[in-house]
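Atoms considered below: every heavy atom in the structure, side chains included; atoms not considered: hydrogens, waters and symmetry mates.
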Amino acid sequence: MTWTQNFTPITDNLVLSSLAALIPILYFFWALTIKRMKGYMAGITTLLVALAVAVLIYGMPAGKAVMSASQGAVYGLLPIGWIIITSVFLYKMTVKSGQFNIIRSSVLSLTEDRRLQALLVAFSFGAFLEGAAGFGAPVAISAALLVGLGFNPLYAAGICLIANTAPVAFGAVGIPIIAMEGPTGIAAMEISKMVGRQLPFLSAFIPLYLILIMTGWKRSLEVLPAILVSGFSFAITQYLSSNFLGPELPDILSALVSLFALAIFLKFWKPKTIFRFASEETAAAVEPLTTAEAETKYTKWQIFHAWSPFLLLTLFITIWGMNPIKPALSGHYEGNNALLGGINEIGKLLTFQIEVPGLHNAIIGSDGLPIAAFYKIELLGAAGTAILLAAIVTKFIAHMSAKDVYSTFVEAMKELAKPILMISAVVAFAYVTNASGMSTTLGMTLAKSGDLFPFFAPVLGWLGVFITGSDTSANLLFGSLQKVTALKVGMEPVLALGANSSGGVTGKMISPQSIAIACAAVGLAGRESELLRFTLKHSLFLLLLVCVITFLQNGVLSWMIP
């Protein structure tokens with residue numbers, strides 16, 4: 001039996017219906033920022049509120065609402081939860097084996113300055129991981145690395161979330177941009193060009209903004225040369241690669257150029273004063289090393305050996321995201337290569353796509369077509385599996401006993417139980433919001449802004465990423481709406497689509513999924529409310545910048561539209 005979505009359930013009034021659709025979102029903000037609930041409790045109760053609104057106001061059958069929640073919960077466990085578990089597991093292995101002390105020393109040999117460490121690890125290395133994997137791995141790994149270096153856990157998580165703004169639109173080898181081509185009919189290359197003429201402004205600014213948050217204006221000026229090298233090398237590469245190569249490589253190339261440019265620059269330039277936080281509270285605080293100690297304590301081979309788990313992580317994640325390997329791992333390879341064909345057969349055995357009972361093709365969407373609903377589980381193709389393989393190889397590199405590896409994995413699982421519960425709950429909430437039509441109601445309301453729509457177009461992307469936790473999902477959710485509305489108000493459709501993706505990147509840092517992932521990675525489970533309060537104002541400020549850029553590009557800067 002099918003059910004048709006109704007986007008104006010309250011007396012056919014869009015405004016009143018939008019207020020109803022906002023109830024779960026406002027409740028979530030209240031639960032975390034004012035009530036200061038534990039993250040998993042905020043997630044579970046928000047899900048219950050969303051179910052109540054979906055059933056009692058939107059008229060969604062209770063069974064379908066519950067099944068849509070179950071679909072989201074499964075996705076929260078795999079691939080998202082799996083990435084977090086394996087990422088933290090790998091990090092803990094390097095700590096227990098003593099390898100992380102060498103990693104820490106090697107970073108300190110470049111610089112002891114916390115400002116520059118943030119640029120190297122949170123901005124450049126995090127962007128590389130975003131380009132290769134996405135789905136939370138960049139924040140989890142880079143935040144854990146910063147904590148290991150001596151950063152306050154809350155600061156480490158917050159800085160990595162904000163730094164992750166620059167690469168999100170081209171994350172996971174360009175999937176957010178590529179995914180938008182299907183529902184909108186506009187070539188991914190054209191969308192890539194448009195985003196590549198918006199985000200570089202933000203990318204050049206983010207390094208300065210990060211250091212301003214950390215230290216204030218005066219201390220930021222002390223490292224301004226390094227900030228300029230980091231930000232502009234990233235932004236210029238991002239523009240060139242997105243406009244001339246396509247959406248697949250901007251993050252990977254920009255991150256590598258930025259990382260190597262800053263590392264080389266630091267060989268010839270040092271700040272006059274070394275900055276450290278007044279109080280650096282870490283789970284395993286150690287005395288900071290001097291630069292001389294860091295340079296002489298370990299050989300180059302020891303440093304390479306210590307970094308090898310993360311080099312392997314990068315290698316495996318990159319391979320997992322490459323074509324045609326990626327489809328083979330999921331059992332979708334159609335070529336003639338014998339090796340890939342064999343991998344494809346294994347991928348088929350380890351990939352499960354099961355129709356969600358009572359939900360698959362049982363909801364009629366805004367386009368009048370039934371919406372497919374599957375539990376999709378990719379055991380081999382998941383990015384978390386690539387990270388697990390890196391961890392398995394690390395066992396031999398670090399000469400850890402099987403007993404130590406097992407105890408480390410169990411320790412990671414115990415620490416992450418509640419954060420994974422929160423992630424599953426908030427992804428379930430996102431699925432209920434989409435299946436009931438609440439997300440579309442909010443999008444339709446913003447689309448009513450008329451001549452001001454170019455200013456508000458990025459807000460749709462921001463809202464979509466907050467709800468779904470994914471720029472890809474936000475682009476799929478609101479891409480068609482952006483295109484249709486743009487044509488109505490005389491705006492170039494490709495600009496609206498670019499704005500959706502660019503605006504979405506500013507919502508990533510406050511998405512419940514991202515908050516839960518960051519807290520889990522740095523051992524702050526239960527303190528998600530603190531992290532949300534830290535990132536919220538920065539999210540709104542950066543969103544405002546994207547809104548202004550889009551508004552100007554629709555008018556005086558229209559020559560920038562491809």
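- Inter-residue side-chain proximity for Leu380 and Leu349 is flagged as unmet; no heavy-atom pair is nearer than 4.5 Å.
- Between Phe123 and Phe234, the ring planes are tilted. Angles from 30° to 60° get that label.
- Sorted by first and then second residue, the salt bridge (Lys or Arg N to Asp or Glu O under 4.0 Å) pairs with a member in residues 526-541 read Arg527-Glu530; sequence neighbours excluded.
- Atom CG of Asn475 and atom OG of Ser501 lie 4.0 Å apart (nearest 0.5 Å).
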Practice prompt. Start with the C-alpha distance between Phe205 and Leu542, add both sets of side-chain angles, then the distance that settles side-chain contact (heavy atoms from CB on, under 4.5 Å), and finish with yes or no.
Written response: CA-CA 10 Å; Phe205 175 64; Leu542 294 172; 4.1 Å; yes
Review item, side-chain donor-acceptor pairs of residues 160-170, under 3.5 Å, at least two apart:
| unit_1 | atom_1 | unit_2 | atom_2 | d |
| --- | --- | --- | --- | --- |
| Asn164 | ND2 | Glu130 | OE1 | 3.1 |
| Thr165 | OG1 | Ile162 | O | 2.8 |

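- Side-chain atoms of Ile387 and Phe89, non-hydrogen and from C-beta on, never get closer than 4.5 Å to each other.
- Glu492 meets the side-chain hydrogen bond (donor to acceptor under 3.5 Å, both in side chains) test with no other residue; sequence neighbours excluded.
- Proximity of a side-chain donor or acceptor of Thr485 to a complementary backbone N or O of Gln482 within less than 3.5 Å is not detected.
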Worksheet entry | side-chain contact (heavy atoms from CB on, under 4.5 Å) evaluation trace for Leu497 with Ile186 | CA-CA 9 Å; Leu497 297 183; Ile186 295 179; 3.5 Å; yes
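- Using a 4.5 Å heavy-atom cutoff, the side chains of Leu202 and Val546 are in contact.
- Trp320 contributes no side-chain N or O that, together with a main-chain N or O of Ile325, makes up a donor-acceptor pair within less than 3.5 Å.
- Sorted by first then second residue, the salt bridge (Lys or Arg N to Asp or Glu O under 4.0 Å) pairs that include residues 35-49, not counting sequence neighbours, number zero.
- Put simply, the side chain of Ser539 gets close to the backbone of Thr506: a donor and an acceptor are under 3.5 Å apart.
- Using a distance-only test at 3.5 Å, with no hydrogens or angles considered, a donor-acceptor pair links the side chain of Ser70 to the main chain of Met67.
- Residue pairs meeting the ring pair (Phe, Tyr, Trp, His ring centres under 6.0 Å) criterion with at least one member in residues 353-382, sequence neighbours excluded, are His360-Phe374.
- Checking side-chain atoms of Thr445 against main-chain N and O of Thr441 turns up a donor-acceptor pair under 3.5 Å.
- Inter-residue side-chain proximity for Phe151 and Val522 is flagged as unmet; no heavy-atom pair is nearer than 4.5 Å.
- Taking Glu378 as the reference, Lys376 meet the salt bridge (Lys or Arg N to Asp or Glu O under 4.0 Å) condition, with sequence neighbours excluded.
- Note on ring orientation: taking the six-membered ring where Trp is involved, the planes of Phe28 and Phe429 are parallel (angle under 30°, cut-offs 30° and 60°).
- Within the 3.5 Å criterion, the main-chain N or O of Leu421 finds no donor-acceptor partner in the side chain of Ser424.
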